[in-house]
> 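Here it is: the structure, laid out below.
Predicted, not measured: the structure shown is a model, and the values here were computed from it.
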Amino acid sequence: MKAINRILAVSLAMLAISVSATAQRYQEGLVDKTVAVIGNEAITISDLEAEVQVMRAQGSASDMRMRCDILQQMMESKLFLMQARVDSLTVNADMVETQLSQRIDQIRATLGGDENVAEYFGKPVYKLRQEWKQQLEDMSLTQQEQSNIAGVVPPITPYDVKKYIESVDESKLPIVPDKYQLSQICVYPDREAAANAVKEKLIELRERIHNGDKFATLARMYSEDIASARKGGELGMTPKSQFWPQFSDAAMALRPGVISQVVETPDGFHIIEMLEKKGDDFNARHILMRPVYTAEDQEKGFALLDSLRSEIMNKAVTFELAARFYSEDSATKTNGGQMADPNTGSAYFEVDQLKPQDYEAIKDLKVGEISQPFASLDNEGRDGNLVYKIVRLDKVVPSHVATFENDFTQLSEMVMNDKQQEAIDKFIDEKLKTTYIVIDPLFKDCQFDRTAWNDKIRSE
């Protein structure tokens, strides 16, 4: 639910990364202090600055306005946390462990192993794990409480949607963008031949390394992983969970200094040299190469598609039947070629949901027309594989103001979102009236979204 996703963002402030003793000083001689008390919960400067540190790492400007916003989010999270404890909610331990492992792995990958993590945060990883686990447990309770509050909103009925439409100005109703319904016939180039060519090249490079050439030199010359190629193919100390399983399994099976056989992943084909292993972390070099297709491959694919297009236009065969017999896209061929969004399952696509190559091919078509053959990408792997296709434009729903008849689902989601937000806002407003809250005058110049927070700022 969109509303809950937006609401739950508030609780992310609970996941503040611990900060060292060099926390930002707000005034001379001040390193840390409690800046807000919400019931029996407290927020310190170090808590706040830890979250600022995260936001700054993401490119945000760390000014006082940001600190005011983050403090408000943290205080609101405390209100939910307190209620969760009153309601005797229990922590989702499995979810916490999963999130904790993901966070630690991500930080290890970013900083380059446990030693660098400990140096950056000024404490060992086991200590950070303890602190982050507590924060994640609090966040789990907070999210559950928010979901419970939002969950009391009853299902939206057609009457609710009609009442909403009648109560707002038309300018406030959402604009539904153009939507397209499409069918496709896809053929792939000779992937086996191209894959064999790449594997032969990597085997040749592996032999050259065994004969004395430097792995790092060849990685700089041939690897298609640009980021690591600049460093001689070196990946840095990284948790194995950050890689494709095929890659990490092959790498962890190697002894330092040993070169792997050719390894296939969704990114392409690799050879790997193990440099160092520490538990589930490792540092390795690799050379990545991807299959290369020729003009001849494209000519062959286009010739087949052009022939099918002519047969369909001459009514010798239907598009649906041609897709079932000739298309190599398993996701659409059984449906007569009809495309569906892999994320939502919807048969309608907005422009930004289409691959640029697909939109370019259909943007000037009339309904029922079929594109010329063109090259595009499928949805496999990290970036998609090359595929040749023709696409038929089945239907266009022009951009329009949302209506009850045509866009009930979208409007009902909007109404539900508003009602859930109202429930959350009501909870916060009521808690602000009944909860003991004191905010340090350090934040007297903050303009909180809810003026009731400003009323809680202690006089100097």
> Measure the OG-CD distance between Ser140 and Gln135 for me, rounded to the nearest 0.5 Å.
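Rounded to the nearest 0.5 Å, the OG-CD separation comes out at 13.5 Å.
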> For a 4.5 angstrom cut-off between non-hydrogen side-chain atoms, does Leu71 reach Phe448?
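Side chain of Leu71 against side chain of Phe448, heavy atoms only: contact under 4.5 Å found.
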> Are side-chain heavy atoms of Lys389 and Ile185 found at a separation under 4.5 Å?
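When only atoms from C-beta onward are counted, Ile185 and Lys389 do not touch, as no gap falls below 4.5 Å.
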> Do Lys278 and Phe282 come within less than 4.5 Å of each other through their side chains, counting heavy atoms only?
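Lys278 does not reach Phe282 side chain to side chain.
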> Under 4.5 Å between any side-chain heavy atoms of Lys123 and Leu128, yes or no?
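The answer is yes, as the side chains (C-beta and beyond) meet within the 4.5 Å cut-off.
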> For Leu79 and Phe427, work out which heavy atoms get closest and say how close.
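Scanning both residues completely, I find the closest heavy atoms to be O-CZ, 3.9 Å.
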> Are Arg191 and Tyr188 in a cation-pi contact, defined as NZ or CZ under 6.0 Å from the six-membered ring centre and within 45° of the axis?
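Yes, Arg191 lies over the aromatic ring of Tyr188.
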> Using the rule given for side chain to side chain donor-acceptor pair (under 3.5 Å), can you reason through Asp138 versus Gln134, listing the C-alpha separation, both sets of side-chain angles and the distance that settles it, and then say yes or no?
CA-CA 6 Å; Asp138 289 351; Gln134 181 60 56; 3.0 Å; yes
> With a distance cut-off below 6.0 Å to the six-membered ring centre and an angular limit of 45° from the axis, does Lys179 pair with Phe349 as a cation-pi contact?
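Output no; distance or angle outside limits.
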> Determine yes or no for a side-chain-to-main-chain donor-acceptor pair under 3.5 angstrom, with Gln144 supplying the side chain and Thr90 the backbone.
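At least one qualifying donor-acceptor pair exists.
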> State the OG1-NE2 distance between Thr265 and His270, to the nearest 0.5 angstrom.
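NE2 of His270 is found 3.0 Å from OG1 of Thr265.
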> Can you tell which of Gln72, Lys78, Gln73 makes a side-chain hydrogen bond (donor to acceptor under 3.5 Å, both in side chains) with Glu76?
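Single side-chain hydrogen bond (donor to acceptor under 3.5 Å, both in side chains) partner of Glu76 among Gln72, Lys78, Gln73: Gln72.
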> Can you name the closest pair of heavy atoms from Pro155 and Met416 and give their distance?
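So the two residues come closest at CA-CE, 4.1 Å.
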> CG of Asp225 to CZ of Arg290: how many Å apart, nearest 0.5 Å?
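Between atom CG of Asp225 and atom CZ of Arg290 there are 7.5 Å.
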> Is the shortest heavy-atom distance from the side chain of Asp280 to the side chain of Pro239 under 4.5 Å?
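They are not in side-chain contact.
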> Restricting to non-hydrogen atoms, name the atom on Asp297 and the atom on Pro189 that form the minimum distance, rounded to 0.1 Å.
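Asp297 and Pro189 have their closest heavy atoms at CB-CB, 4.0 Å.
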> If I compare all heavy atoms of Val292 with all of Ala194, which pair ends up nearest, and what's the gap?
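Between these two residues, the closest heavy atoms are O-CB, 3.7 Å.
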> Per the side-chain contact (heavy atoms from CB on, under 4.5 Å) rule, which among Ser327, Ser376, Ser330 passes with Cys186?
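For Cys186, the side-chain contact (heavy atoms from CB on, under 4.5 Å) test succeeds with only one of Ser327, Ser376, Ser330, which is Ser327.
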> Examine the side chains of Lys444 and Asn454 and answer whether a donor and an acceptor come within less than 3.5 Å of each other.
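No, no side-chain donor-acceptor contact under 3.5 Å.
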> Taking Glu413's backbone N and O only, do any of them form a donor-acceptor pair with Asn417's side chain (distance below 3.5 Å, no angle check)?
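Judged by distance alone, no pair lies under 3.5 Å.
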> Output the distance between atom CD (Gln357) and atom OG (Ser371), rounded to the nearest 0.5 Å.
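It comes to 12.5 Å.
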> Looking just at side-chain N and O atoms, do Asn335 and Thr332 make a donor-acceptor pair shorter than 3.5 Å?
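No - no donor-acceptor pair under 3.5 Å links their side chains.
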> Determine whether the side chains of Glu234 and Asn283 contain a donor N or O and an acceptor N or O closer than 3.5 Å.
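Note: Glu234 and Asn283 side chains meet the donor-acceptor criterion.
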> Whether the Gln421 and Asp425 side chains hold a donor-acceptor pair (N or O, under 3.5 Å, no angle test) is what I'd like checked.
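Per modelled atom types, Gln421 and Asp425 side chains form a pair under 3.5 Å.
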> Roughly how far apart are Leu89 CG and Phe80 CZ, rounded to 0.5 Å?
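Separation between the atoms: 12.5 Å.
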> Identify the heavy atoms of Ala323 and Lys333 that sit nearest to each other, and give their distance.
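Closest approach of Ala323 to Lys333: O-CB, 3.5 Å.
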> Kindly indicate, with the supporting measurements, whether the criterion salt bridge (Lys or Arg N to Asp or Glu O under 4.0 Å) is fulfilled by Arg450 and Asp429.
CA-CA 8 Å; Arg450 289 180 169 80; Asp429 291 340; 3.2 Å; yes
> For the residue pair Glu145 and Leu141, establish whether any side-chain heavy-atom pair is separated by less than 4.5 Å.
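The answer is no, as the side chains (C-beta and beyond) never meet within the 4.5 Å cut-off.
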> Does one side chain, of Gln242 or Asp105, offer a donor that lies under 3.5 Å from an acceptor on the other?
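Their side chains do not contain a donor-acceptor pair, so the 3.5 Å distance test is not met.
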> Working to the nearest 0.5 angstrom, can you tell me the gap between Leu235 CG and Arg285 CZ?
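Answer rounded to 0.5 Å: 10.0 Å.
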> Tell me if the NZ atom of Lys133 is crowded by more than 12 foreign heavy atoms within 6.0 Å.
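It does not: Lys133 NZ has 12 such atoms or fewer within range.
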> Using a 4.5 Å cut-off on heavy atoms from C-beta on, say whether the side chain of Val187 contacts that of Leu305.
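Sidechains of Val187 and Leu305: in contact.
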> Glu204 and side-chain contact (heavy atoms from CB on, under 4.5 Å): which partner among Arg206, Glu200, Lys201?
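Per the side-chain contact (heavy atoms from CB on, under 4.5 Å) rule, the option paired with Glu204 is Lys201, out of Arg206, Glu200, Lys201.
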> Please check: side-chain N/O of Asp47 versus main-chain N/O of Thr44, any donor-acceptor pairing under 3.5 Å?
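Judged by distance alone, yes, a pair lies under 3.5 Å.
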> Tell me whether the rings of His286 and Phe247 are parallel (<30°), tilted (30 to 60°) or perpendicular (>60°).
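Aromatic pair His286/Phe247 classed perpendicular.
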> Could you walk me through whether Gln184 and Asp329 pass the side chain to side chain donor-acceptor pair (under 3.5 Å) check?
CA-CA 9 Å; Gln184 65 181 8; Asp329 177 45; 3.1 Å; yes
> Can you confirm whether Thr435 sits close enough to Ile38 that some side-chain heavy atom of one is under 4.5 Å from a side-chain heavy atom of the other?
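With C-beta onward as the side chain, the pair touches.
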> If you take all heavy atoms of Val152 and Ile149, which pair is closest and at what distance?
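Residues Val152 and Ile149, closest heavy atoms: CG2-O, 3.0 Å.
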> Give a yes or no on whether the ring-centroid distance for Tyr388 and Tyr293 is below 6.0 angstrom.
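Here the rings of Tyr293 and Tyr388 have centres that are no less than 6.0 Å from each other.
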> Donor-acceptor pair, distance only, cut-off 3.5 Å: does the side chain of Thr434 make one with the backbone of Glu430?
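Between the backbone of Glu430 and the side chain of Thr434 there is a qualifying donor-acceptor contact (under 3.5 Å).
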